[in-house]
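In what follows, a single structure is set out as structure tokens and then discussed.
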Amino acid sequence: MEHTSPELIHEVLESIVVLTEQRDQRSLENSLFHALEEMLEDVACQVLEFTTDGAYRIIHANHPERELPSQLLQLAREMPEDEESCALVQAGVHYQLFNLTAGEPYPRRVLLLWRGEWDEIDTRLAQGMAQVYMNFTRLLFDSEKDTLTGLYNRKRLEARLEEITQAQLNSRREEDRTGRGEYLALLDLDHFKRINDEHGHLIGDEVLLIFANILRESLRDTDMSFRYGGEEFLVLLNDTSRENARAVLERIRRNVETHAFPQVGRVTVSIGYSHIDCTLRPASLALREADQALYYAKEQGRNQVRDYQSLLSDGLLPPPRQDGGMEMF
């Protein structure tokens, strides 16, 4: 592929400008994808997303029908987190793989480019654009973290709920029948004000840090945890059943209750959760439902896990209003 230096410089700079105008990972990936298509002649592009069990799905593609070689998929699946790129030549096709994972290890994303051959300029161009993407993704990732606990903040929560909404509306899975899908849980540390009053805010912050670590250790790589505000936290459980969701949340509750917090001793947490089903109601409504279940847990003595749908079916909570709102307690 022939380029004059001024044309190449202009094209690269223009792509970088467009890339760095984006403010979320999805649009950032789209910009990278289209920039590479424009700058590299006859290139095929795919972005693959891998889960912890090795399964993958195609996020973006301009050649979605092509069957990928098993050796290539294994290379992409096993690509180390700290490895930026690698290459594979098979059956006369030259494949370039670039690690797009930033922040949490899963789901992992790999950019896959291939064509008949690569020259040095195009290889360096692809590597450079992928590195610009990664650097900017890390900046976005850092802006989505709570400064004290390192958990995600509300900005990332809003983006993730939107991702879940789009995925569920576009999915053909019958989650409303199987009960398997995404669950949202609100977690509130019991009597946290008393901890601050009796031990001071520095000890209170230490309790929050320890609790955040317990959350990380109690969840799967595919789940997400957020600091929702003060002593209140939020967890999104991905692709699980109601029974498994409750088991995970009970494990969190038990791990908190049995942990010896320095200078404080015993700390407990109350938890309310709800199934997210965007085919029936907005994801934001699951947040309100989880809050109702949390309120019920607090009223019933704290240090317990409550499921909104079960409370509703047992007649322990008032039914939602027909206009989509909720009756207040």
Side-chain angles (χ1 to χ4, degrees), residues 103-104 144-157 160-161 182-238 240 242-276 286-311 316-317 329:
E104 301 297 330
E144 295 178 338
K145 288 298 192 76
D146 173 60
T147 54
L148 175 64
T149 63
L151 300 181
Y152 288 116
N153 57 24
R154 286 199 181 201
K155 175 185 175 183
R156 183 67 183 100
L157 173 62
R160 181 57 187 149
L161 288 178
E182 285 69 39
Y183 285 80
L184 183 153
L186 278 174
L187 306 88
D188 190 88
L189 291 174
D190 299 325
H191 303 298
F192 185 73
K193 183 179 182 301
R194 184 186 303 168
I195 294 174
N196 277 334
D197 290 344
E198 294 180 359
H199 301 278
H201 288 276
L202 287 179
I203 299 300
D205 286 350
E206 184 178 4
V207 169
L208 294 177
L209 282 168
I210 293 173
F211 177 73
N213 287 333
I214 292 174
L215 277 184
R216 292 187 186 95
E217 294 169 0
S218 303
L219 295 172
R220 303 170 302 172
D221 290 334
T222 52
D223 299 326
M224 299 178 70
S225 51
F226 307 78
R227 187 181 181 192
Y228 194 61
E231 69 274 21
E232 195 166 44
F233 294 78
L234 188 146
V235 164
L236 291 177
L237 302 174
N238 180 57
T240 191
R242 187 180 306 279
E243 294 75 17
N244 286 339
R246 184 174 185 88
V248 169
L249 297 173
E250 281 286 358
R251 181 168 66 240
I252 293 171
R253 185 200 64 76
R254 185 172 58 253
N255 289 345
V256 173
E257 182 183 32
T258 57
H259 187 87
F261 287 77
Q263 299 189 52
V264 176
R266 184 173 182 265
V267 175
T268 61
V269 62
S270 298
I271 304 173
Y273 71 102
S274 182
H275 182 212
I276 303 175
L287 178 61
R288 296 169 64 185
E289 294 170 348
D291 189 55
Q292 278 198 303
L294 172 62
Y295 183 86
Y296 187 89
K298 291 281 191 182
E299 287 292 294
Q300 296 301 309
R302 298 180 169 84
N303 190 26
Q304 53 188 268
V305 177
R306 291 290 184 166
D307 169 22
Y308 173 81
Q309 278 76 27
S310 295
L311 292 172
L316 299 174
L317 286 179
F329 284 54

State the [atom1]-[atom2] distance between [X] and [Y], to the nearest 0.5 angstrom.
| X | Y | atom1 | atom2 | answer |
| --- | --- | --- | --- | --- |
| K145 | Y152 | NZ | OH | 5.5 Å |
| T222 | E182 | OG1 | CD | 9.5 Å |
| L317 | Y296 | CG | OH | 7.5 Å |
| F192 | D197 | CZ | CG | 10.0 Å |
| R302 | L294 | CZ | CG | 10.0 Å |
| L151 | L234 | CG | CG | 10.5 Å |

Quick one, [X] and [Y] - any side-chain contact, counting heavy atoms below 4.5 Å?
| X | Y | result |
| --- | --- | --- |
| F211 | V256 | yes |
| Y183 | L249 | no |
| S274 | L184 | no |
| D291 | E232 | yes |
| V207 | N196 | no |
| T240 | V248 | no |
| R266 | F261 | no |
| E231 | K193 | no |

Could you check whether any side-chain N or O of [X] sits under 3.5 Å from a backbone N or O of [Y], counting only pairs where one atom can act as donor and the other as acceptor?
| X | Y | answer |
| --- | --- | --- |
| N255 | R251 | yes |
| Q309 | H275 | yes |
| D223 | N238 | yes |

- Query: Checking side-chain contact (heavy atoms from CB on, under 4.5 Å) for the pair R242/Y273: CA distance, chi angles, key distance, verdict?
  - Reply: CA-CA 10 Å; R242 187 180 306 279; Y273 71 102; 4.2 Å; yes
- Task: Have a look at F233 and tell me which of D146, L186, L215, D188 forms a side chain to side chain contact (heavy atoms under 4.5 Å, CB included) with it.
- Result: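 Going through the options one by one, the only one that passes is L215.
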- Are R246 and D307 close enough for a salt bridge, meaning some N to O gap below 4.0 Å? no
What heavy-atom pair brings [X] and [Y] nearest, and what distance separates the two atoms?
| X | Y | result |
| --- | --- | --- |
| Y308 | Q292 | CE1-OE1, 3.2 Å |
| I271 | A185 | CG2-CB, 4.2 Å |
| S270 | D190 | OG-OD1, 2.7 Å |
| Q300 | Q304 | O-NE2, 3.2 Å |

- Item | side-chain hydrogen bond (donor to acceptor under 3.5 Å, both in side chains) between R227 and N153, intermediate numbers included | CA-CA 6 Å; R227 187 181 181 192; N153 57 24; over 6 Å; no
- Task: Please report the C-alpha distance between L208 and L189 in whole Å, then the side-chain angles of each, then the deciding distance to 0.1 Å, and finally whether the side-chain contact (heavy atoms from CB on, under 4.5 Å) criterion is met.
- Result: CA-CA 9 Å; L208 294 177; L189 291 174; 3.7 Å; yes
- Task: Report the C-alpha distance between L202 and E206 in whole Å, list the side-chain angles of each, state the deciding distance to 0.1 Å, and finish with yes or no for side-chain contact (heavy atoms from CB on, under 4.5 Å).
- Result: CA-CA 6 Å; L202 287 179; E206 184 178 4; over 6 Å; no
- Please report the C-alpha distance between L236 and L157 in whole Å, then the side-chain angles of each, then the deciding distance to 0.1 Å, and finally whether the side-chain contact (heavy atoms from CB on, under 4.5 Å) criterion is met. CA-CA 9 Å; L236 291 177; L157 173 62; 4.1 Å; yes
- Do E257 and N303 meet the criterion of a side-chain donor-acceptor pair at a distance under 3.5 Å?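 Looking only at side-chain atoms, N303 and E257 do form a donor-acceptor pair, the distance falling under 3.5 Å.
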